[in-house]
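Report on one structure; see the data block that follows.
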Amino acid sequence: MSCKMCFRNEPFFKKPSKKFLTVEALQKIFSQIQPRVLSYGGLIGEPLTNKDICDLIKIVVDNDCKAIFTTNGQLLKEDISNKLIDNGIHLIKITVDAATKETYKKIRQNNKFNRVINNIKRLGEIEEAKKNSGK
């Protein structure tokens, strides 16, 4: 993405190589320290691009730690939402940055506003359905 406000679009920014937290690395972290909260996303990129994100959330929760992350919501599809909720995610922060499709396009430089809004609605519906079913 090429969001207007992101420092990664500045000429001084050197794009780092793409690296993801692995299951093995996270298990090593928990073997050495016992964090209380693990937060994914924000300045380091979109956590949902990591194919192991749901497994990482499960490891965090299984180690009596709170798992939270920030996402732009574009990749928050139904199957991922189900897995995140089932694996015990504590908090998902979704950045939308606009109240209208037109403003969103100006800021985020893409036309995925409706997708993000629908993903947010669906996440809420899934969570509510799971609460009501006792799962």
Side-chain angles (χ1 to χ4, degrees):
M1 293 179 53
S2 299
C3 305
K4 291 280 189 189
M5 70 291 199
C6 186
F7 68 90
R8 289 180 245 173
N9 296 321
E10 297 295 332
F12 64 81
F13 182 72
K14 183 181 176 195
K15 188 175 181 178
S17 61
K18 201 175 219 181
K19 295 182 181 179
F20 293 106
L21 179 63
T22 65
V23 167
E24 295 77 22
L26 185 59
Q27 289 170 331
K28 186 174 181 179
I29 289 168
F30 278 107
S31 73
Q32 296 175 5
I33 61 172
Q34 188 63 39
R36 292 184 178 175
V37 176
L38 242 74
S39 178
Y40 303 92
L43 294 176
I44 59 172
E46 173 57 51
L48 294 177
T49 59
N50 186 334
K51 66 177 178 55
D52 295 325
I53 190 64
C54 293
D55 295 331
L56 297 171
I57 298 301
K58 179 85 169 116
I59 291 167
V60 170
V61 171
D62 286 350
N63 279 278
D64 200 29
C65 181
K66 296 215 180 291
I68 63 175
F69 72 79
T70 303
T71 177
N72 60 39
Q74 292 187 23
L75 301 176
L76 194 59
K77 298 178 181 167
E78 187 168 344
D79 60 328
I80 298 293
S81 292
N82 269 298
K83 288 177 190 174
L84 290 169
I85 293 168
D86 289 345
N87 288 355
I89 187 77
H90 291 90
L91 176 66
I92 300 173
K93 297 186 285 182
I94 305 169
T95 56
V96 179
D97 303 316
T100 67
K101 189 176 186 176
E102 294 75 23
T103 305
Y104 184 88
K105 183 176 181 181
K106 287 177 188 174
I107 294 170
R108 291 288 182 166
Q109 305 291 297
N110 69 45
N111 286 319
K112 297 179 180 164
F113 179 78
N114 289 339
R115 175 195 296 177
V116 172
I117 298 304
N118 289 334
N119 287 349
I120 294 169
K121 288 178 182 177
R122 188 64 189 129
L123 173 67
E125 292 167 357
I126 292 167
E127 183 180 30
E128 191 64 31
K130 288 180 183 289
K131 280 182 186 176
N132 291 336
S133 70
K135 290 185 180 180

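When reading the values below, keep in mind they use all heavy atoms of this one structure, side chains included, and skip hydrogens, waters and symmetry mates.
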How far apart are the closest heavy atoms of [X] and [Y], and which atoms are they?
X: N72; Y: Y104; result: O-OH, 4.5 Å
X: R122; Y: E78; result: NH2-OE2, 2.9 Å
X: V61; Y: A67; result: CG2-CB, 4.3 Å
X: C65; Y: P35; result: SG-O, 3.3 Å
X: I107; Y: A98; result: CD1-CB, 4.4 Å
X: L26; Y: L56; result: CD2-O, 3.5 Å

To the closest 0.5 Å, what do you measure between [atom1] ([X]) and [atom2] ([Y])?
X: D55; Y: Q27; atom1: CG; atom2: CD; answer: 9.5 Å
X: K105; Y: T100; atom1: NZ; atom2: OG1; answer: 12.0 Å
X: E24; Y: K28; atom1: CD; atom2: NZ; answer: 11.5 Å
X: T71; Y: E46; atom1: OG1; atom2: CD; answer: 3.0 Å
X: I68; Y: I57; atom1: CD1; atom2: CD1; answer: 9.5 Å
X: K83; Y: K77; atom1: NZ; atom2: NZ; answer: 11.5 Å

Following the transitive rule for hydrophobic clusters with a side-chain heavy-atom cut-off under 4.5 Å over Ile, Leu, Val, Met, Phe, Trp and Tyr, establish whether [X] and [Y] coincide in one cluster.
X: I94; Y: L91; value: no
X: V37; Y: V60; value: no
X: I117; Y: L76; value: yes
X: I33; Y: I59; value: yes

Would you please name every residue forming a side chain to side chain contact (heavy atoms under 4.5 Å, CB included) with Q34, sequence neighbours left out? F30, N63

Considering only heavy atoms from C-beta outward, does the side chain of [X] approach that of [Y] to under 4.5 Å?
X: F20; Y: T49; value: yes
X: P47; Y: T70; value: no
X: F69; Y: I92; value: yes
X: I80; Y: L75; value: no
X: L123; Y: I85; value: yes
X: K58; Y: D86; value: no
X: T95; Y: R108; value: yes
X: L84; Y: L48; value: yes

Could you tell me whether a side-chain N or O of N82 sits under 3.5 Å from a main-chain N or O of I126, the two making a donor and an acceptor? no

Heavy-atom donor-acceptor pair, N119 side chain to G73 backbone, under 3.5 Å: yes

Identify whether the distance between the nearest side-chain nitrogen and carboxylate oxygen of E128 and K131 falls below 4.0 Å. no

Greater than 12 external heavy atoms within 6.0 Å of D64's CG: no

Can you list the residues that meet the side chain to side chain donor-acceptor pair (under 3.5 Å) rule with N118, with sequence neighbours excluded? none

